[in-house]
Amino acid sequence: MDKNSISRIRKELEGCVGKRIQLKANKGRKKTFVREGIIENAYPSIFTVKFENEYHSVRKASYSYTDILTHTVEIKLLPSSYDNVAL
């Protein structure tokens with residue numbers, strides 16, 4: 001793995017803190033997890049995402065930057081019109 005790639009991914013995610021995203025995570029054995037959430041924080045080794053379900057309970061999950069590099073996790077920024085919606 002290229003350390004420059006990980007630092008580039010981290011810098012891009014630091015700029016997206018507070019923005020609404022769609023996260024697709026590969027959970028193995030052909031299982032995928034697709035949810036919308038908000039990037040809450042970007043730390044040196046991980047980033048956290050806040051999700052809310054239909055019952056308005058909040059769930060937080062953390063992922064590493066290597067998850068994005070290895071395509072285990074894919075992130076798609078949602079249009080800015082969703083940014084004003086609070087979780």
Side-chain angles (χ1 to χ4, degrees):
M1 284 183 249
D2 187 11
K3 194 160 182 101
N4 291 331
S5 297
I6 293 174
S7 64
R8 183 180 48 82
I9 291 169
R10 183 177 67 233
K11 288 196 185 307
E12 286 182 27
L13 282 176
E14 285 173 350
C16 296
V17 170
K19 294 191 178 180
R20 197 161 185 74
I21 60 161
Q22 179 183 40
L23 185 131
K24 180 179 179 183
N26 181 1
K27 297 181 81 174
R29 293 196 171 218
K30 299 181 183 180
K31 296 178 188 172
T32 57
F33 168 84
V34 179
R35 293 267 165 78
E36 290 183 10
I38 295 177
I39 297 178
E40 193 172 55
N41 263 318
Y43 298 104
S45 299
I46 62 168
F47 63 97
T48 57
V49 180
K50 182 170 62 172
F51 301 105
E52 185 177 299
N53 64 13
E54 61 273 5
Y55 304 112
H56 301 291
S57 66
V58 175
R59 176 178 171 250
K60 294 180 185 179
S62 62
Y63 301 95
S64 71
Y65 302 113
T66 56
D67 291 336
I68 294 175
L69 189 64
T70 60
H71 302 288
T72 305
V73 171
E74 296 175 18
I75 291 180
K76 177 181 170 186
L77 281 175
L78 295 177
S80 60
S81 62
Y82 292 113
D83 287 342
N84 296 331
V85 177
L87 278 181

With Tyr65 via ring-ring contact (aromatic ring centres under 6.0 Å, His included) - residues at least two apart: Phe47
CZ/Arg35: more than 12 non-hydrogen atoms of other groups inside 6.0 Å: no
Mind checking the [atom1]-[atom2] spacing from [X] to [Y]? Nearest 0.5 Å is all I need.
{"X": "Ile21", "Y": "Phe51", "atom1": "CD1", "atom2": "CZ", "value": "6.0 Å"}
{"X": "Asp67", "Y": "Asn26", "atom1": "CG", "atom2": "CG", "value": "10.0 Å"}
{"X": "Asn41", "Y": "Ser62", "atom1": "CG", "atom2": "OG", "value": "11.5 Å"}

Working for side-chain contact (heavy atoms from CB on, under 4.5 Å), residues Leu77 and Cys16: CA-CA 8 Å; Leu77 281 175; Cys16 296; 3.9 Å; yes
Close side-chain approach of Ile9 and Leu69, heavy atoms under 4.5 Å: yes
pair Val73-Leu23: side-chain heavy atoms closer than 4.5 Å: yes
Full working for side-chain contact (heavy atoms from CB on, under 4.5 Å) between Ile68 and Leu13: CA-CA 11 Å; Ile68 294 175; Leu13 282 176; 3.5 Å; yes
Residues forming a side-chain hydrogen bond (donor to acceptor under 3.5 Å, both in side chains) with Glu12, sequence neighbours excluded: Arg8
For Thr72, all residues meeting side-chain hydrogen bond (donor to acceptor under 3.5 Å, both in side chains), sequence neighbours excluded: Thr70
Minimal non-hydrogen separation, Thr32 against Lys24, with atom names: CG2-CE, 4.2 Å
Intermediate values then yes/no, side-chain contact (heavy atoms from CB on, under 4.5 Å), Glu52 and Arg59: CA-CA 6 Å; Glu52 185 177 299; Arg59 176 178 171 250; over 6 Å; no
Under the side chain to side chain contact (heavy atoms under 4.5 Å, CB included) test, residues paired with Glu40 that sit two or more places apart: Thr48, Lys50, Lys60
Under the side chain to side chain contact (heavy atoms under 4.5 Å, CB included) test, residues paired with Lys11 that sit two or more places apart: Glu14
Side-chain hydrophobic cluster, 4.5 Å single linkage: members besides Ile46: Tyr43
